[in-house]
Amino acid sequence: MSGGVGPYEQEDNRQASISDRPQIAAASGGGFFPLYQLKALVVIVVLSASGLVSAEDFAFVVFSLIYIYFLSKVAFPTLSPSTEPPVFGRKNKALGLYVLAGSVVGLFLPIAYILAGVFEGDKEGIKAAAPHLFLLASQVFMEGLTFSGGFSLPIRVFVPVFYNSRRIFTILEWVRAEIWKDGGGSRRRLYVGRGIAIANLAFWCFNLFGFLLPVYLPRAFKRYYSAGLTQK
């Protein structure tokens with residue numbers, strides 16, 4: 001999952017966002033959804049069933065799904081039934097490391113933090129971290145959907161940009177909650193929670209303003225419109 005980090009083209013032209021990339025590399029299971037999407041779906045269902053997801057975040061995910069289909073019909077239709085050319089090289093090691101770092105910061109550390117909070121009774125910390133994790137898992141799922149559904153390159157770009165923009169606000173709320181939190185676990189957990197929240201804020205702000213908008217987005221549109229001109 002670009003997790004907001006942006007797609008990562010692999011050998012089979014599959015694009016992974018930051019959070020789903022290691023999972024895609026591990027396997028692509030059979031069935032209706034590949035394994036990494038099923039894992040993201042499990043996170044979504046568990047957080048939703050736990051009552052940790054707000055109505056606003058649910059509405060955001062539903063709206064994004066509807067708007068993606070709207071854009072794909074009105075603004076950015078698929079130009080060719082074949083896969084559009086990748087934005088980056090298929091063996092870009094630097095991007096691969098960047099994606100892996102985003103997976104650790106954005107997915108694995110928050111998941112570990114929430115699980116540890118269950119044992120320590122830190123309900124406040126869990127509640128603060130859950131919205132970011134829910135939206136990131138939803139982003140991973142949606143990125144897989146736009147790729148497997150054959151959507152155009154601008155649509156596949158739209159997902160990480162749209163979700164990353166939204167998650168920055170949820171992470172800001174997470175940072176505020178950690179800074180002003182009083183109690184809820186050990187002092188060590190308090191500092192760890194603040195560190196994870198601040199690390200996510202720094203990483204995803206850079207991902208949006210330093211990578212997705214100035215680098216990935218322009219290249220993706222250039223590829224899309226260049227492909228359109230060659231077909232005329």
Side-chain angles (χ1 to χ4, degrees), residues 1-29 33-40 43 64 68 76 78 82-111 132-133 135-168 171 196 198-227:
M1 69 183 184
S2 54
V5 102
Y8 178 81
E9 288 84 3
Q10 299 202 21
E11 297 287 342
D12 59 353
N13 271 357
R14 179 179 296 165
Q15 290 188 334
S17 40
I18 199 164
S19 24
D20 56 313
R21 192 267 179 185
Q23 298 159 323
I24 294 180
S28 126
F33 296 119
L35 183 58
Y36 77 94
Q37 273 187 284
L38 291 176
K39 291 180 179 179
V43 174
S64 70
I68 283 170
F76 304 109
T78 302
S82 60
T83 304
E84 295 178 40
V87 176
F88 299 100
R90 300 179 188 177
K91 296 183 179 180
N92 192 318
K93 293 183 179 180
L95 184 59
L97 292 174
Y98 182 53
V99 167
L100 178 60
S103 302
V104 173
V105 172
L107 278 182
F108 302 139
L109 289 180
I111 289 175
H132 156 73
L133 187 57
L135 290 173
L136 187 52
S138 300
Q139 177 183 328
V140 174
F141 185 83
M142 293 298 295
E143 286 178 352
L145 184 65
T146 56
F147 186 87
S148 61
F151 287 83
S152 65
L153 189 53
I155 299 298
R156 300 203 298 269
V157 174
F158 169 77
V159 174
V161 171
F162 192 52
Y163 274 83
N164 202 151
S165 302
R166 167 62 178 167
R167 282 190 297 103
I168 285 177
I171 296 172
I196 294 175
I198 292 172
N200 270 278
L201 181 62
F203 185 90
W204 296 112
C205 281
F206 172 80
N207 186 61
L208 179 63
F209 298 111
F211 177 73
L212 290 177
L213 293 179
V215 179
Y216 182 64
L217 187 64
R219 291 191 184 189
F221 275 103
K222 183 178 180 180
R223 291 293 179 92
Y224 177 76
Y225 287 113
S226 296

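Counting only heavy atoms from C-beta outward, the side chains of V140 and Q37 never approach each other to under 4.5 Å. Contact of the Y216 side chain with the F221 side chain is not registered, since no non-hydrogen atoms from C-beta on lie closer than 4.5 Å.
Taking the six-membered ring where tryptophan is involved, the planes of W204 and H132 are tilted, since the angle between them lies from 30° to 60°.
The two atoms that bring P110 and V104 nearest to each other are CD-O, 4.2 Å, heavy atoms only. Counting all heavy atoms, side chain and backbone alike, L133 lies closest to G106 at CD1-O, 4.2 Å. In terms of heavy-atom proximity, A40 sits nearest to A137 at CB-O, 3.5 Å. When all heavy atoms of R167 and L136 are compared, the closest pair comes out as CD-N, 3.5 Å.
Taken to the nearest 0.5 Å, the CG atom of L212 stands 12.5 Å off from the CZ atom of F158. Residue N164 holds its CG atom at 9.0 Å from CZ of F203, rounded to the nearest 0.5 Å. Rounded to the nearest 0.5 Å, atoms CD1 (I196) and CD1 (I111) are 11.0 Å apart. With rounding to the nearest 0.5 Å, the separation of CZ in R166 from CD1 in I171 is 11.0 Å.
N200 places a side-chain N or O within 3.5 Å of a backbone atom of V105 that can act as its donor or acceptor partner. Remark: side-chain polar atoms of R156 are paired, donor with acceptor, to backbone N or O of F151 under 3.5 angstrom. Using modelled atom types, one side-chain atom of T78 and one backbone atom of G150 make a donor-acceptor pair closer than 3.5 Å.
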(request) Give the C-alpha distance, both sets of side-chain angles, the deciding distance and a yes or no for side-chain contact (heavy atoms from CB on, under 4.5 Å) between Y98 and F211. (result) CA-CA 11 Å; Y98 182 53; F211 177 73; 4.1 Å; yes

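Under the side-chain contact (heavy atoms from CB on, under 4.5 Å) criterion, L213 pairs with V161, L208, F209, L217, not counting sequence neighbours.
Counted by atom type alone, Y163 and S64 present one or more donor-acceptor pairs between their side chains at under 3.5 Å.
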